[in-house]
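First comes the structure, then the notes that go with it.
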Amino acid sequence: MASYHGPKARVQRRFGEVLVPRTKYQKIVEKRGFPPGDHGKEKQFRSGRRSDFGMQLNEKQKLAFIFNVREAQMRRYFLRARRQSGNTGENLLRLLERRLDNLVYRAGFAATIWAARQIVKHGHILVDGKRVDLPSFQMNPGMVISVKENMRTNVHVLEAMESVANNLPYLTVNKAAFSATLLNLPERTDIPVPVREQLIVEYYTRLT
């Protein structure tokens with residue numbers, strides 16, 4: 001599944017909010033608070049008239065961007081979440097939150113989800129001491145993520161560990177050991193994702 005490599009600031013301007021918490025994106029969205037394109041300012045004033053389907057689609061696209069997954073993969077996550085007991089929307093977020101690349105990012109070993117995907121794909125991450133190069137690998141409680149020895153002096157990893165601060169109750173990070181442990185399944189209130197997951201459930205329900 002290919003990763004998104006387009007202009008990330010442009011996508012966030014389209015949504016009208018900062019979805020990647022980095023200073024440069026915050027400044028861009030604040031300075032240009034309207035959608036990209038020649039008619040961006042005009043679109044800004046029409047955004048309040050979006051249909052129910054338009055709002056559902058917007059939330060789905062926002063979630064896909066945050067976790068860097070494509071449509072086919074997102075649909076599979078939804079179908080899997082629907083088969084599980086409990087709230088489908090919360091199940092969907094838990095599945096996405098437990099992706100290996102996401103937890104590498106949350107632990108602070110990469111500055112963005114895109115950088116996290118790259119270091120996983122290149123085989124620089126271990127899970128319980130074994131090399132795992134699948135970004136979508138599902139982490140379970142008790143599993144330990146660690147950065148390979150030869151990457152612990154990498155400037156990008158070190159910079160990320162200095163700048164990314166995600167204090168999450170379901171993830172404990174040992175910076176000295178370059179490791180992180182998933183303690184338990186995350187609760188919805190602990191997942192730092194600004195989406196209305198019920199709209200995403202409604203979007204996929206009407207398509208299935």
Side-chain angles (χ1 to χ4, degrees), residues 1-5 20-22 63-70 72-193 195 197:
M1 187 67 61
S3 175
Y4 175 75
H5 295 292
V20 181
R22 301 189 74 183
L63 186 65
F65 175 75
I66 291 171
F67 285 100
N68 190 31
V69 297
R70 295 302 178 95
Q73 197 169 16
M74 181 67 76
R75 185 185 292 265
R76 288 197 295 271
Y77 277 120
F78 170 76
L79 294 175
R80 182 175 173 183
R82 190 167 62 176
R83 290 193 297 268
Q84 297 177 343
S85 61
N87 183 284
T88 299
E90 292 183 10
N91 290 341
L92 174 61
L93 293 184
R94 286 194 191 96
L95 288 171
L96 292 168
E97 189 68 16
R98 288 164 52 208
R99 284 172 56 97
L100 177 58
D101 59 351
N102 179 68
L103 291 178
V104 167
Y105 164 58
R106 298 286 193 219
F109 302 142
T112 66
I113 188 68
W114 297 274
R117 178 189 174 91
Q118 185 176 40
I119 66 172
V120 171
K121 289 284 287 182
H122 289 178
H124 300 309
I125 295 298
L126 306 176
V127 176
D128 290 343
K130 298 180 180 179
R131 179 177 176 270
V132 177
D133 59 5
L134 187 66
S136 62
F137 178 83
Q138 280 283 294
M139 295 287 295
N140 292 317
M143 287 184 171
V144 178
I145 300 168
S146 57
V147 180
K148 287 184 70 174
E149 192 74 37
N150 63 346
M151 279 295 286
R152 297 183 182 185
T153 56
N154 181 277
V155 63
H156 299 296
V157 172
L158 294 175
E159 286 178 354
M161 292 180 70
E162 288 293 326
S163 61
V164 179
N166 292 307
N167 297 314
L168 302 170
Y170 52 88
L171 187 70
T172 181
V173 180
N174 184 336
K175 288 190 174 183
F178 288 81
S179 67
T181 304
L182 181 64
L183 300 175
N184 52 261
L185 297 179
E187 297 294 331
R188 173 61 184 104
T189 53
D190 297 326
I191 301 175
V193 177
V195 299
E197 61 270 18

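What you see below is based on every heavy atom in this structure, not just the backbone, and it leaves out hydrogens, waters and symmetry mates. Index from 1, following the sequence.
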Side chain to side chain, [X] and [Y], heavy atoms closer than 4.5 Å:
| X | Y | answer |
| --- | --- | --- |
| His156 | Gln118 | no |
| Leu63 | Leu92 | yes |
| Tyr77 | Arg99 | yes |

Roughly how far, to the nearest 0.5 Å, is [atom2] of [Y] from [atom1] of [X]?
| X | Y | atom1 | atom2 | result |
| --- | --- | --- | --- | --- |
| Asn102 | Met139 | CG | CE | 11.0 Å |
| Ile125 | Arg131 | CD1 | CZ | 11.0 Å |
| Ile191 | Leu96 | CD1 | CG | 8.5 Å |
| Phe178 | Leu158 | CZ | CG | 5.5 Å |
| Thr181 | Met143 | OG1 | CE | 11.5 Å |
| Leu93 | Thr88 | CG | OG1 | 11.0 Å |

Please check if any side-chain donor atom of Arg82 sits under 3.5 Å from a side-chain acceptor atom of Asn91, or the reverse.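 Note: Arg82 and Asn91 side chains miss the donor-acceptor criterion.
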
Indicate whether the side chain of Arg94 and that of Tyr170 have a donor and an acceptor atom separated by less than 3.5 Å. no

Qualifying residue, where the test is side-chain contact (heavy atoms from CB on, under 4.5 Å) with Leu182 and the options are Thr172, Leu168, Leu103: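 With Leu182 as partner, Thr172, Leu168, Leu103 yield a single side-chain contact (heavy atoms from CB on, under 4.5 Å), made by Leu103.
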
Exactly one candidate in Asn68, Val104, Val69 meets side-chain contact (heavy atoms from CB on, under 4.5 Å) with Ile113; the answer is Asn68

Step by step, work out the side chain to side chain contact (heavy atoms under 4.5 Å, CB included) result for His122 and Met151. CA-CA 11 Å; His122 289 178; Met151 279 295 286; over 6 Å; no

Indicate the atoms forming the closest heavy-atom contact of [X] with [Y], along with that distance.
| X | Y | answer |
| --- | --- | --- |
| Leu183 | Pro141 | O-CB, 3.7 Å |
| Asp190 | Pro192 | O-CD, 3.2 Å |
| Phe109 | Ala160 | C-CB, 4.0 Å |
| Val173 | Ala107 | CG1-O, 3.7 Å |
| Arg117 | Pro135 | CG-CG, 3.8 Å |
| Gln73 | Ser136 | NE2-CB, 3.5 Å |

Under a 4.0 Å threshold between the charged nitrogen and the carboxylate oxygen, would Glu149 count as salt-bridged to Arg152?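 Yes.
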
Give a yes or no answer on whether the side chain of Asp128 reaches the backbone of Val144 with a donor-acceptor pair at less than 3.5 Å.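 The answer is yes, because a donor-acceptor pair under 3.5 Å joins these two groups.
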
For Leu95 and Gln84: C-alpha separation, side-chain torsions, deciding distance, then whether side chain to side chain contact (heavy atoms under 4.5 Å, CB included) applies. CA-CA 11 Å; Leu95 288 171; Gln84 297 177 343; 3.9 Å; yes

Give a yes or no on this: more than 12 heavy atoms of other residues, nucleotides or ligands lie within 6.0 Å of atom CD of Glu159.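 Atom CD in Glu159 is crowded, with more than 12 foreign heavy atoms closer than 6.0 Å.
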
